[in-house]
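What follows is a single structure, written as structure tokens, with notes after it.
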Amino acid sequence: MNESKNFLRTIVEEDLKSGKCKEVVTRFPPEPNGFPHIGHAKSIFINFGIARDYNGHCNLRMDDTNPTTEDTKYVEALKDAVEWLGYEWDGNVRFTSDYFSKIYDYAIELIKIGKAYVDSLTEEEIREYRGTVIEAGKRSKYAQRSVQENLDLFERMKNGEFQDGEHVLRAKIDMSASNMKMRDPLLYRIRHTHHFRAGDEWAVYPMYDFAHCLSDYIEGVSHSLCTLEFENNRDIYNWVLEELNLEPPRPYQYEFARLGINYTVMSKRKLLELVEGDFVKGWDDPRLPTIAGYRRKGYTPESILNFCDLVGVAKANSMVDVSQLEFCIRDDLNTKVPRVMCVLDPLKVTIANYDGSEELTASYYPDDVPKEGSRVLPFSREIYIERDDFNENPPKGYFRLTPTQSVRLKHAYIISCKEIIKDANGNITEIIAEYHPTSKSGSDTSGIKVKSAIQWVSAKEAKKVEVRLYDRLFSCEAPQGVEDINPDSLKVVKNALVEPAVITDKPDERFQFERQGYFYADPIDYTDEKPVFNKIVGLKDSWSKKSQKTKTTPKQQVKKEQIDGEVVPMTETQKALYDNYINELKLNSELSNTLARDEQLSAFYKEALNALESPVNLANIIANEVARELKEHQLSELKFTPKQIAELVKMIDDATISNKIAKQIFEEMTKSGENPKKIVEDKGLIQISDPAKISPIIDEVIAKNPDNLVKFKAGNTKLLGFFVGQVLKATGGKANPKVVNELVSLRLQSAEL
RNA sequence: UGGGGUAUCGCCAAGUGGUAAGGCAUCAGCUUUUGGUGCUGACAUUCGGGGGUUCGAAUCCCUCUACCCCAUCCA
């Protein structure tokens, strides 16, 4: 688990602490209309993870309100995904369709209180009437129907008396709302379609915005966590719950950013296009970011969960680098999986001075993996090595076999090249080598030093297998569609050779093929006659990176240019006010601008000025602090008066308190509306400026932080702020910061290490 | 264009007035019978830009900019 917690967990903790909720209940609510992908995994991780960590529970709910797109096969896939990731949902799988009659009753409730109506506009008219983002919409004439008429019509809609599209049920909210979602959203539509669970019982189906909040409420969900694109829907969510006046507790919605990963696509539509266009071989194609795909490729649930944890949860749209995912799977498999040898592109090597055969014992794990286990490894005169591991004209830094460089056969002997055999075209077909009898692995007395140990298989005992090498599906970071597909995303090696233990022992279905990567026995196509392995992920390969390195173009220092937009001009009155501030009151232009442009602020300022002749300090606190309060609250809601602010500023002017304390007092005033003087008295906040009182505290702070004193002495002058902060903290903020600054500075200069 | 969001290293991401966490990636060095692993070190004088407030600002105020979401009888 990550140490720092994300904003959702912070909210949950606060709600638990404040008693806003007694128990944490979350839910994972997919629509069963597609196969789950790693984005779902993130949501599963968040919802189930939070529930588990805060001793609550998490429901699995199928949001099946649209009968035209949903199917039970997706329900199964979704359940599988949650289980595979290792989570258990509370009770049975829930279905929104189970709540259809309750939701229907709530709709009737809404009609009865005059907050919903049956609209009979056509689809086109509804769209037209909704207006645009800059123009208000207008309400349908049907909104005036009586409660009785609405009730009657809605019941007949339910009974199937009307055709699809003839009527809809809408919430009566506000056709000119700036949030488009609030312009009388649709609650119910008519659908004469067979529902995969509810059958033909219903002719009307609730829309997401009506069904979701109520389903959450019915299940007792406390925190309804969803992705960012539902931010605008939160208003309806709250509206429905509030209008219905439901018995508490009620759920609250919070949004987080979707997961994006580069070199792949995540949208249902694009995934479907890949599958239906035969660009991949089904939903579980190992190149897809679907749960089924990762699973078939050989990813472990642990690695995916760990990935979800590492990328974190926030509200910024982001695109995570695939290398982060790849790191997670390597990291997981490294300590779990046995190492074996496989040769993908075999090159025959005949060891001229070796006769007969022998059986070597080879550990399955390297020394740094704390696991036991070994297998028998046959060795003989004829072996195969990787074609890449021999080079007649090696580049600089090449560690493997060359005409003049020996190499170790992993777990066996050191060999040297004696002769290269080529065909008519000049291609190398065989190497004649010599082995060094005293160099046997584990009992090497030869004294020969080699730079590398390579994998190999004995020709007679090796088994032929198919290996599928997967690369990223797309060749660009942010693929738009099939035109960006990487043509080499799948390479099938039909005649790879593995050592016999891979087939006969099967200590695990995942292996590391030494020096190549992690591989997984394909769960579908693997048979004893024709073994098939999928490449899960390659090992980190710093050699190929180094040898292929092209000259990196030096990064251009891009200077950020300042782009100024057009500023809205001031009105006559504002301009007059501004001039007055600048010329008469001697405020700076920034302050004048802020105050002059805001009517409430300038009025507030004027009144405060009547109480105290301190234009600059008043302006500062009003334009900065009061402005903040005014952003969040109405003027009438403020608990403090201009006169009180004047009083506060007066204390700053005569140095009774520091600016720092003033902010603290202001904070208090916004909450209690108490008089500033009284707050100062009650809390004893009078400023300490006497060096005799401050000095001992400074000494103490310095004594407590010897490390930082050393750093400061070494030239880290930023630490001055640290020491000042500590001293201020020790005095409860009461020390005069200017005095503290001077004193600390002096003291630090003269301090002995 | 109205509304709602977001902006901290190449990629994620902590941090909400007092020393710019961490991970991935990258680059060095050591270890290594995997060019793997492990270990060590380097990597943001600065937080989208510009101003202001403050002894002190990533954090408070003003302003500008860029990107995302909303006008499905989808979810």
Side-chain angles (χ1 to χ4, degrees), chain A residues 2-4 6 31 33 63 65-66 68-69 123 126-127 130-135 137 164-165 168 177-181 183 186 188-191 207-208 212 228-233 255 257 262 310-312 314-321 323-324 327 330 334-335 339 366-369 397 399 408 410-411 441 444 450-455 512 514-516 539-544 546 555 560-567 588-591 593-594 597 620-621 623-625 627-628 658-660 663 708 711 716 718-726 728-729 736-738 740-742:
Chain A
N2 236 322
E3 263 179 60
S4 54
N6 60 56
E31 182 187 14
N33 72 343
D63 205 3
T65 56
N66 185 359
T68 57
T69 58
E123 211 174 320
I126 286 179
R127 198 172 12 252
R130 189 145 35 214
T132 68
V133 286
I134 43 168
E135 291 163 61
D164 287 11
V168 290
S178 48
N179 179 357
M180 295 295 292
K181 295 272 185 202
R183 319 251 257 228
L186 273 60
Y188 266 92
R189 79 286 218 187
I190 300 170
R191 277 279 147 89
M207 303 287 290
Y208 166 85
H212 204 90
L228 246 30
E229 66 269 29
F230 292 101
E231 275 172 327
N232 297 316
N233 301 61
E255 310 86 13
N262 59 8
L310 288 184
V311 300
K315 294 193 76 158
N317 289 315
S318 57
M319 181 82 89
V320 179
D321 202 313
S323 64
Q324 182 103 33
F327 164 80
R330 279 192 205 106
N334 178 43
T335 53
R339 322 286 142 126
D367 292 337
D368 50 288
V369 173
F399 290 172
R408 173 175 295 281
K410 178 93 183 175
H411 301 300
S441 186
D444 185 355
V450 291
K451 287 189 172 136
S452 175
I454 62 172
Q455 74 273 25
Q512 184 194 104
E514 249 176 292
R515 303 211 302 136
Q516 326 233 49
L539 258 28
K540 254 174 86 174
D541 185 357
S542 46
W543 164 245
S544 73
K546 196 180 284 177
K555 244 190 298 171
K560 280 166 188 163
E561 234 174 286
Q562 186 186 343
I563 305 158
D564 280 328
E566 218 167 291
V567 180
N588 68 31
S589 61
E590 187 66 30
L591 231 34
N593 196 41
T594 306
R597 280 175 184 276
N620 277 339
I621 207 156
N624 288 297
E625 309 301 317
R628 179 180 58 244
S658 64
N659 268 295
K660 190 183 173 76
K663 290 198 182 183
N708 281 336
K711 282 194 216 163
N716 189 347
K718 275 183 294 187
L719 256 19
L720 177 64
F722 164 76
F723 283 110
V724 172
Q726 291 300 309
L728 250 27
K729 203 171 165 187
N736 181 332
K738 269 186 200 155
V740 173
N741 246 294
E742 280 168 30

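Reminder, nothing fancy here: chain letters follow the sequence lines and each chain counts from 1.
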Using a cut-off of 4.0 Å on non-hydrogen atoms, how would the nucleic acid contact of A/V724 be classed: base, sugar-phosphate, or nothing? base
Interatomic distance, [X] [atom1] vs [N] [atom2] [rounded to whole Å]:
X	N	atom1	atom2	result
A/E229	B/rC74	CD	C1'	12 Å
A/F230	B/rG5	CZ	P	17 Å
A/N659	B/rU54	CG	P	6 Å
A/N66	B/rC73	CG	P	12 Å
A/N262	B/rA25	CG	P	13 Å

Please determine whether any donor N or O and acceptor N or O are separated by less than 3.5 Å between the side chain of [X] and the base of [N].
X	N	result
A/N317	B/rG5	no
A/K451	B/rU32	no
A/K663	B/rG17	yes
A/N624	B/rG52	yes
A/Q512	B/rU34	yes
A/D368	B/rG36	yes
A/R408	B/rU33	yes
A/N741	B/rC55	yes
A/E231	B/rG5	no
A/Q324	B/rG23	yes

Using atom [atom1] of each nucleotide, how far apart are [N] and [M] to the nearest Å?
N	M	atom1	value
B/rU16	B/rC61	P	15 Å
B/rC69	B/rA28	C1'	44 Å
B/rA13	B/rG50	P	24 Å
B/rG22	B/rC9	C1'	13 Å
B/rC62	B/rU26	C1'	40 Å

Tell me whether A/W543 is stacked on the nucleobase of B/rG35, counting only the six-membered base ring and applying the 5.5 Å and 30° thresholds. yes
Does A/F399 lie flat on the base of B/rG35, that is, centres under 5.5 Å apart and planes under 30° off? yes
Between A/Y208 and A/T65, what is the shortest heavy-atom contact and its length? N-OG1, 4.5 Å
Minimum heavy-atom separation for A/L186 to A/M207, with atom names? O-CG, 3.4 Å
CZ (A/R339) and CD (A/Q516) are apart, to the nearest 0.5 Å, by 13.5 Å
Interatomic distance, CG@A/D321 vs CG@A/N262, rounded to 0.5 Å, equals 4.5 Å
Given [options], identify the nucleotide with an atom nearest to the side chain of [X].
X	options	value
A/V311	B/rC12, B/rU34, B/rA75	B/rC12
A/A627	B/rC70, B/rC61, B/rA71	B/rC61
A/K660	B/rC24, B/rU34, B/rC55	B/rC55
A/K181	B/rG3, B/rA71, B/rU33	B/rA71
A/K315	B/rA71, B/rC55, B/rU6	B/rU6
A/F327	B/rA75, B/rU53, B/rC24	B/rC24
A/M319	B/rC61, B/rC74, B/rC12	B/rC12
A/E590	B/rG18, B/rA13, B/rG51	B/rG51
A/S178	B/rC73, B/rG2, B/rU46	B/rG2

Is there side-chain contact between A/N659 and A/N620, with at least one heavy-atom pair below 4.5 Å? no
Looking at A/L539, is its backbone amide N or carbonyl O close enough to the side chain of A/R515 to form a donor-acceptor pair, meaning the two atoms are under 3.5 Å apart? no
Taking A/N179 for its side chain and A/N232 for its backbone only, find out whether a donor-acceptor pair lies under 3.5 Å. yes
